[in-house]
Each structure stands twice: as structure tokens, then as C-alpha cells.
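Have a look at the structure below, then the notes.
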2 protein chains.
Amino acid sequence: MRVTQRCQYALRAIFELARRNGRGPIKIADIAEVQAIPQRFLEVILSQLKHGGFVDSQRGTDGGYFLKRDPADLTVGEVMRFMQGFIGPVSCVLNESEDNKCVLYGDCAFIDMWKEVQRAMTEIYDNTTFKNLVERDQQRKSEYLPCYSI
Amino acid sequence: MRVTQRCQYALRAIFELARRNGRGPIKIADIAEVQAIPQRFLEVILSQLKHGGFVDSQRGTDGGYFLKRDPADLTVGEVMRFMQGFIGPVSCVLNESEDNKCVLYGDCAFIDMWKEVQRAMTEIYDNTTFKNLVERDQQRKSEYLPCYSI
DNA sequence: ATTATCTTGATTGATTTAGTGAAGAAGTGT
DNA sequence: ACACTTCTTCACTAAATCAATCAAGATAAT
């Protein structure tokens, strides 16, 4: 596994907020249950996401978390970079990043391949918005439950 | 960083053997120096690669390691799977893998994205052979040093 | 025999990861 | 004012992973 559990939890939490966007604050306990995330861990993660400007919160009765960003403008890539740092197979794809310098002084047979992989990954992550995810989820659910109202 | 140092060392070692394929056994110390790998660590890794059937070795004077596989038929993906297990962003992309089951019972909004990323990654890794890498490396070197003999 | 080289299993230290504990601050309703 | 709910924060731990080394041994060529 490469995408950490913590990051997956963050993505799922934001997805849940995006899915219910505009319906007022959602409680941590609610998100934790629906998305199968340990509640105490989720508290830490949501606090982190709040500092990152992704979500905001309301305390007290009927409090909870809600999205601060437009789901149509928030990409998976942005959240992943915030949670785990850069996106890529190896750290040396970062051009001249001080301490991540290649020990082979640029004479590396693999660098083109690594960059190709990084490009492929970021292409997908940066073009997947939470609005996309919500729409796909709704469509998938309507396909699997065509006779929902019966 | 996602591809472990250990795996990168393994790839570089095999690349070095592929580059000098057919020229007899190469010493661990030699590979370690050229590819900037800690020698003691490389010993362990090469031993592992031998058990995996990727390389073979010869003891004694003028001994060393050499490729057991045809570089044109050996892909980066194959070595990566041997060194790190499966290739992919999250473990749940493995369909029904006993203990890696999705906690959301398949109701996951991200699974399609993860699979797309996995497909993109494996497409690159499984289509990059060590012969490719050696050829690209030679070409790159001839471009950067056009007046090598002067 | 001697030397060079690979072989193997155990071990270490650092880092990352996942998750928990516990006390507190801030809203809301009565 | 008070109780209740919910978020907030910092510290902490347990486990896993990772990178690398130690130490002793086995094997081949000369």
C-alpha cells in the first residue's frame, strides 16, 4: 500500500462532506460511522484538514464539520499533497530538491520512467474532483438499485 | 517516496548486470560502487534476487553475479512485484484478497480511481524491459558526450 | 593452503504509521 | 447560570517497516 490509511481516511471524510454539501454541519461520529473510520483518529485528521483550509467546523449542539471549498474545484491530488507530501513513485523526481538529490549525479537510467509514472499518477489525481466522485457515486448507486422505490 | 530504497537498489543492480550482460560475473563491490549502493546491503539484496531466479552467481576469484534472465524479457514490473509485493496505490485494488477486503463492502467512491491509477502504473512498469533501459541509457550518453574521443 | 568472493541469519537503530488518552474550549438550549 | 454536546489540542504509545550492519561461514580458483 502506498497511499497511507490516514490519507485515505481524509479523502473519505472530505468525500462524505462533499456528498452532503449544503446540508449543514456533519458530526464527526456520523462521518466516522458511515465511512468506517476510527472516530478518535478522524478527529485528528479533520482538525488537520481544517488547518489546511479544506473544511470548517461549528461547535456545540448541531455542530460538526462542513466543506470550505467548492467540491467542483477541489481535487484528490490537492488533498493527497497536503496529507502525504508530493505525489510520485520516488522522491528524486522532484527536480533539485536540496536533500533529495540523486546520488548518481543525474546519471540515472530510471529517471525518465519515474517521471512518466509520476505524470500518469498526477494526471489522474489532479483531474478527479470531489464533485466527480459524488456524481459517479450517485450514478453507480442508481445503477445497482434501479427499483429503489418499490 | 513510495518505491522503497531496497527496491530501487535491486533495480539498479539488475540494470548494471544487464548493461554488462555477457561479459562474465560482476563483483558485488563493483556494482555497489558504480550504482552507489551500500555493499553489505547489496549483498542481501542480490542474494534475494538469486532466490527469485533473476540473477545467478559464481563464487571464488573472478566470481560475481550475472543475469539469469534475458534483459529483453525482464520487466521492471516483475522485479518490483518480487521486491515489494503488488503494484498499486492502495491494497484494496486487489480483488477479494482475503484480508485486504474493503471495509466499505464495495461501496467505495474511490475504487475506480485507484484502479485507474494502478492500470496506469503497471502499464508503464510492465512495458519497460531492462533492454529498454540499457538502450535508452546508451543513447542518452551518446547525446550528452558527442565529442567523447577528443 | 590461501585468497577472493558469495551466503546466511541475526540484530540494530531510525522512522513512519496508526491509533489512543485526557483535559479543555466553545457553542446551544433551558 | 447550567448542563449538554461537540469540536480542539497536545502528548503519548504500540506496532510495523525500512535501511543497514555484524559476524560467521561456505565455496571456488590458483
Side-chain angles (χ1 to χ4, degrees), chain A residues 1-13 17 24-33 35-68 80 83-86 89-92 99-100 103, chain B residues 1-13 16-17 24-33 35-68 80 83-86 89-91 99-100 103:
Chain A
M1 189 192 303
R2 273 80 176 163
V3 176
T4 62
Q5 197 70 1
R6 187 189 191 90
C7 182
Q8 289 185 64
Y9 288 160
L11 291 171
R12 295 224 295 267
L17 295 183
I26 319 280
K27 295 188 222 319
I28 290 180
D30 192 351
I31 302 171
E33 192 188 351
Q35 290 292 331
I37 303 171
Q39 176 164 349
R40 309 297 305 281
F41 199 17
L42 180 58
E43 289 174 6
V44 179
I45 293 167
L46 281 171
S47 173
Q48 196 182 349
L49 288 172
K50 181 177 177 180
H51 283 122
F54 296 97
V55 303
D56 211 342
S57 62
Q58 169 78 33
R59 287 198 249 206
T61 314
D62 293 330
Y65 276 91
F66 50 91
L67 268 192
K68 200 174 176 184
M80 285 186 63
M83 294 300 291
Q84 325 204 25
F86 86 108
V90 292
S91 61
C92 64
D99 37 56
N100 284 325
V103 290
Chain B
M1 188 192 304
R2 273 79 173 160
V3 175
T4 62
Q5 197 69 1
R6 189 190 191 88
C7 181
Q8 289 186 63
Y9 288 159
L11 292 171
R12 296 223 294 268
E16 190 61 29
L17 296 182
I26 320 278
K27 294 188 221 323
I28 291 181
D30 192 353
I31 302 172
E33 192 189 350
Q35 290 291 331
I37 303 170
Q39 176 164 349
R40 310 299 300 276
F41 198 16
L42 181 57
E43 289 173 7
V44 179
I45 293 166
L46 281 172
S47 172
Q48 196 182 347
L49 288 172
K50 182 177 176 178
H51 283 122
F54 297 97
V55 302
D56 212 339
S57 61
Q58 170 77 33
R59 290 199 246 205
T61 314
D62 293 330
Y65 275 92
F66 49 92
L67 269 191
K68 200 174 175 184
M80 284 185 63
M83 294 300 292
Q84 324 204 28
F86 86 108
V90 294
S91 62
D99 37 55
N100 283 326
V103 289

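Residue numbering restarts at 1 for every chain, and letters A, B, ... go by the order of the sequence lines.
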Could I get the full list of ring pair (Phe, Tyr, Trp, His ring centres under 6.0 Å) partners for B:Y9, not counting sequence neighbours? B:F41

How does DNA chain C look in dot-bracket form if you count Watson-Crick and G-U pairs under 3.5 Å, write [ ] for pairs that cross, and put | where a base pairs with another strand? ||||||||||||||||||||||||||||||

Heavy-atom check, side chain of B:V3 versus side chain of B:M80, under 4.5 Å: yes

With A:Y65 via ring pair (Phe, Tyr, Trp, His ring centres under 6.0 Å) - residues at least two apart: none

Those residues that, when tested against B:R40, pass salt bridge (Lys or Arg N to Asp or Glu O under 4.0 Å) (two or more places apart): B:E43

Can you give me the closest heavy-atom contact between B:L42 and B:I28, atom names plus distance? CD2-O, 3.6 Å

Residues forming a side-chain hydrogen bond (donor to acceptor under 3.5 Å, both in side chains) with A:D30, sequence neighbours excluded: A:R20

Which part of the nucleic acid does A:I28 contact within heavy-atom distance under 4.0 Å: base, sugar-phosphate only, or nothing? sugar-phosphate

Would you please name every residue forming a side-chain hydrogen bond (donor to acceptor under 3.5 Å, both in side chains) with B:Q58, sequence neighbours left out? none

Of residues 52-60 of chain A, the positions that come close to DNA chain C - non-hydrogen atoms, cut-off under 4.0 Å: A:Q58, A:R59, A:G60

A:L49 CG to D:dC7 C1', straight-line distance once rounded to whole Å: 14 Å

Could you state the atom-to-atom distance from NZ of A:K50 to P of C:dA26 in whole Å? 11 Å

Can A:Q84 and B:R2 be counted as having a side-chain donor-acceptor contact under 3.5 angstrom? yes

With salt bridge (charged side-chain N to carboxylate O under 4.0 Å, His left out) as the rule and sequence neighbours excluded, what pairs involving residues 3-13 of chain B come up? none

Which residue, B:H51 or B:K27, contacts DNA chain C at a nucleotide closer to its 5' end, judged by nearest heavy atom? B:K27

Just the rounded figure in Å: distance from P of C:dT16 to CE of A:M83. 15 Å

Check this one for me: any side-chain N or O of B:Y9 less than 4.0 Å away from OP1 or OP2 of D:dA19? no

Every protein N/O within reach of nucleotides 16-18 of chain D N/O, cut-off under 3.5 Å:
none

For the residue pair A:F66 and A:D56, establish whether any side-chain heavy-atom pair is separated by less than 4.5 Å. yes

Is there a side-chain polar atom (N or O) of B:T61 under 4.0 Å from OP1 or OP2 of C:dT5? no

With heavy-atom distances below 4.5 Å as the criterion, would you say the side chains of A:I37 and A:Q8 are in contact? no

Whole angstrom value for the distance that separates P of D:dC7 from CD1 of A:I31: 8 Å

Got a sec, which residues hit side-chain hydrogen bond (donor to acceptor under 3.5 Å, both in side chains) with B:E33, two or more places apart in sequence or on another chain? none

Please give me every residue in residues 35-45 of chain B whose heavy atoms get under 4.0 Å of an atom in DNA chain D, ordered by residue number. B:P38, B:R40, B:F41, B:V44

Between A:M83 and A:C7, what is the shortest heavy-atom contact and its length? CB-SG, 4.0 Å

In whole angstrom, what separates B:Y65's OH from C:dA4's C1'? 14 Å

Whole Å only: how far is the CD1 atom of B:I26 from the P atom of C:dC6? 10 Å

According to side-chain hydrogen bond (donor to acceptor under 3.5 Å, both in side chains), who are the partners of B:K50, at least two apart in sequence or on a separate chain? B:S57

